[in-house]
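Heavy-atom basis, side chains included; hydrogens, waters and symmetry copies ignored.
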Amino acid sequence: MENGQAVSHAATATVSLQGIVTGWSEGARRLLGYGAAEVVGRAAAGLLADGASVAGPEFSPGPEFSREWSGPAALRHRDGRRVELGLSAYPSLGGDGRAQAWVVSAGQGDGGRGQESARQRLALLNEAGTRIGTTLDVVRTARELAQLAVPLLADFVSVDLLDSVLQGEEPVAGPVDAEVVLRRVAHESGTEGAPEAVIGLGEVDTYPGYSAPARALATGRPLLSSLEDPDIVRWLASHASRNATVRTHGFHSSMSVPLRARGITLGVAVFVRKTPSAHFEQDDLVLAEELAGRAAVCIDNARRYTREHNTALALQRSLLPRGFPGQAAVEVAFRYLPAGTQAGVGGDWFDVIPLSGTRVALVVGDVVGHGIHASATMGRLRTAVRTLADVDLPPDELLTHLDDLVTHLNSDESDLTGDRGATCLYAVYDPVSRTCTIASAGHPPPVVLLPDGTVSVVRLSPGPPLGVGGLPFEATELELPEGSLLAFYTDGLIESRERDIGAGLDQLCQAMATRSPTLEITCDALLKALLPDSPSDDVALLLARTRVLHTDQVATWALPANPAIVADARAQASRQLAVWGLQESSYITELVVSELVTNAIRYGGVPIGLRLIRDRTLICEVSDASSTAPHLRRARTYDEGGRGLHMVAQLTQGWGTRQTLTGKTIWAEQPLPVG
């Protein structure tokens, strides 16, 4: 006897059609003494006491049998005792109506009423398997538990969680001690509007150590309480609104069940009954514990997913650009929209990389898949692209090197993209020549809006996705008028379950044709026109409006391969600086021109060209027909050469070399005079 009432112990276990135990509840452990690890995987018949059998010859655990069954049985306790009880079996049916497994309940102490109660409990547990944990959302899972339990088990249910669980963090292992602060995430009532709720959804409450929820959390065990319990009386006396609600609605008994999974306490579920419902009994507590245990595992899975999603999102945000360095070639605007929580964070990225000669690289890429691995892979590819861009390779050559890198890394244990695959589009725009050179590794083509209102998809010869290896990449060159608008994007913008890529491209072209006063407004308009309220894939969008360096910003000379021309080259550069009002820069510029032209004549080949560009900086470029790149070296005391590039490096803020179709270009930048 407990609290003057007969005890009705209850336990479940799941049994396969072959008679093997596949599930073992906490109630079963209490009833028979065996832990789950000792029983799961063993034949259920091995639990029968010596000489005992299950009554009821009509019971046949085959797939065609779909009726409930009950009868007496004698099972063997772990300590050897014989336990007389009643068994009830309830088939778990598949979509075809055939039994997939059996949910078996063992009860003790209340005869036929216990068998009927066991049947109801089994039905509720069977329903819990399909209704709790339908998503990887912590709050929704808690709501599913509350909705399932009302009104089949309780008249009112509340679910409170630790804030750390909602944030995806790891809660404190083991029971929670003493006073505890919890946040209400779900409650359900048999009365519309849940008037019994004292705490609003999303609000926090502090439970004193003597309260039933706090005691359940402290011990890690469920607690059955009545309104007359001294601690309940004390708790209600300290909380006027809760006390008034209990009296108004006729609450008479409650069950506080800790939500624990994998040794971690997540929160507490409170089940309440009121007049005229019967008081909770011990078998109700066992059932509530079973439901809470199932919900706790689902909540913890959702918590772990939330943690991974938040980590991946933080990683991706740290890897994506928050802004771009100043450059004169294009005006840019961008958007990045991570997919909803069902898909998780993916591997979309974009970049704007200033290059020498006022050119700019525009990049967009996509690693297929979601989660931390996709974000990390994206970061590695973005870093690789930036490294290769520093070498100033043409787009098709850059993608070739990137493809080789991915192929190499995929062949070893690091497995850069694995079976996921990755795409990339790399474009270089030159505001002097007004040309844009584009190459694609399996990525959708950009869309261009010309100043006259014409919109078109850029016709490319796309190469394979990164990592395929062995296939070439081809570059496409466009000449763009000043003010042309290029849209680079990932496939999440144009492709969905409702439309294919072709239809998406048509819709993008239509949306691009509508002019907006700013690129920021254009970004928002495109996303609104093409995306549903909850996109199923990540979306990256990069808009670039082309600018042009006009003839009054660029001066170019063709030079013969004659050492005598060096002095004339210095003089022409000096005169041009005077025209630009940059006389203060003449001394350094003349030294740079002298060294670079001398090197081109001595080590390069014709044709030789000199170009000055006045932009955010003053750029000096010397081109020749040799592909051999110069390099810094330490000049010895009696060497006649080897000091020129050292001097250039010391006098300017940067220098470098890039390969061209006819040879190479050496460039040097110096800041414009202040004032």
I'd like to know whether L531 forms a side chain to side chain contact (heavy atoms under 4.5 Å, CB included) with L493, so could you lay out the CA-CA distance, the side-chain angles of the two residues, the decisive distance to 0.1 Å, and finally the verdict.
CA-CA 7 Å; L531 295 181; L493 181 68; 4.2 Å; yes
Is any side-chain heavy atom of L162 less than 4.5 Å from a side-chain heavy atom of V180?
yes
Return the CD to OG1 distance between E196 and T245, rounded to the nearest 0.5 Å.
8.5 Å
Apply side chain to side chain contact (heavy atoms under 4.5 Å, CB included) to residues E127 and L148 and explain how you reach the verdict.
CA-CA 8 Å; E127 192 174 359; L148 176 66; 3.8 Å; yes
Grab the two heavy atoms, one from V198 and one from S241, that are nearest each other, plus how far apart they are.
CG1-OG, 3.4 Å
Which is it for V159 and L259 under the side chain to side chain contact (heavy atoms under 4.5 Å, CB included) test, yes or no, and what are the steps along the way?
CA-CA 9 Å; V159 181; L259 297 170; 3.8 Å; yes
Just wondering, do R247 and L227 contact through their side chains at under 4.5 Å, heavy atoms?
yes
Keeping E144 on the side-chain end and G133 on the backbone end, is there a donor-acceptor pair under 3.5 Å?
yes
Taking all atoms of both residues into account, what is the closest heavy-atom pair of H252 and T275, and its distance?
CD2-N, 3.4 Å
Between S189 and A194 the two heavy atoms that sit nearest each other are CB-CA, 3.6 Å
pair D160-Y207: side-chain heavy atoms closer than 4.5 Å:
yes
Rounded to the nearest 0.5 Å, what's the gap from CG on L266 to CG on L161? Could you check?
7.0 Å
R184 versus S158: any side-chain heavy-atom pair under 4.5 Å?
yes
Audit row: I264, R303, side chain to side chain contact (heavy atoms under 4.5 Å, CB included) steps and yes/no:
CA-CA 12 Å; I264 295 174; R303 176 194 66 81; 4.3 Å; yes
Which distance, rounded to the nearest 0.5 Å, do you find between the CG of D538 and the CE of M378?
9.0 Å
Let me confirm one number: the CD1-OG distance from I232 to S256, rounded to the nearest 0.5 Å.
6.5 Å
Restricting to non-hydrogen atoms, name the atom on D284 and the atom on H279 that form the minimum distance, rounded to 0.1 Å.
OD2-O, 4.2 Å
Donor-acceptor check, side chain of R183 to backbone of G202, threshold 3.5 angstrom: yes or no?
yes
Within the distance-only criterion (no hydrogens, no angle test), does the side chain of D229 pair as donor or acceptor with the backbone N or O of D231 below 3.5 angstrom?
no
Please check this pair: side chain of R273 against backbone of L153, looking for a donor-acceptor N/O pair closer than 3.5 Å.
yes
Tell me, do T306 and L166 make a side-chain contact under 4.5 Å, heavy atoms counted?
no
S238 side chain reached by Y210 side chain, heavy atoms, under 4.5 Å:
yes
Is a donor on one side and an acceptor on the other found under 3.5 Å between the side chain of T134 and the backbone of R131?
no
Any donor-acceptor N/O pair, S253 side chain to F280 backbone, under 3.5 Å
yes
Donor-acceptor contact present, side-chain R76 to main-chain G46, <3.5 Å:
yes
Using modelled atom types and a 3.5 Å cut-off, is there a donor and acceptor pairing between side-chain atoms of W24 and backbone atoms of Y34?
yes
Which word best sums up how the rings of F251 and F156 line up, parallel for under 30°, tilted for 30 to 60°, or perpendicular for over 60°?
parallel
Does I299 reach the side chain of L145, with side-chain heavy atoms less than 4.5 Å apart?
no
Between A154 and V157, the two heavy atoms sitting closest are CB-CG2, 3.8 Å
Can you measure from CZ (R307) to CD (Q167) and round to the nearest 0.5 angstrom?
13.0 Å
Between atom CD of Q282 and atom CG of L224, what is the distance when rounded to the nearest 0.5 Å?
6.5 Å
If you draw a 6.0 Å radius around CZ in R140, do more than 12 non-hydrogen atoms from other residues or ligands fall strictly inside?
no
For a 4.5 angstrom cut-off between non-hydrogen side-chain atoms, does W349 reach Y336?
no
Taking only Lys NZ, Arg NE, NH1 and NH2, and the carboxylate oxygens of Asp or Glu, determine whether R294 and E290 approach each other closer than 4.0 Å.
no
Any chance the side chains of D348 and T490 put a donor and an acceptor closer than 3.5 Å?
yes
Please give me the minimum heavy-atom distance between I132 and T141, naming the atom from each residue.
CG2-CG2, 4.2 Å
Taking atom CZ of R78 as the centre, report whether more than 12 heavy atoms of other residues, nucleotides or ligands fall under 6.0 Å from it.
no
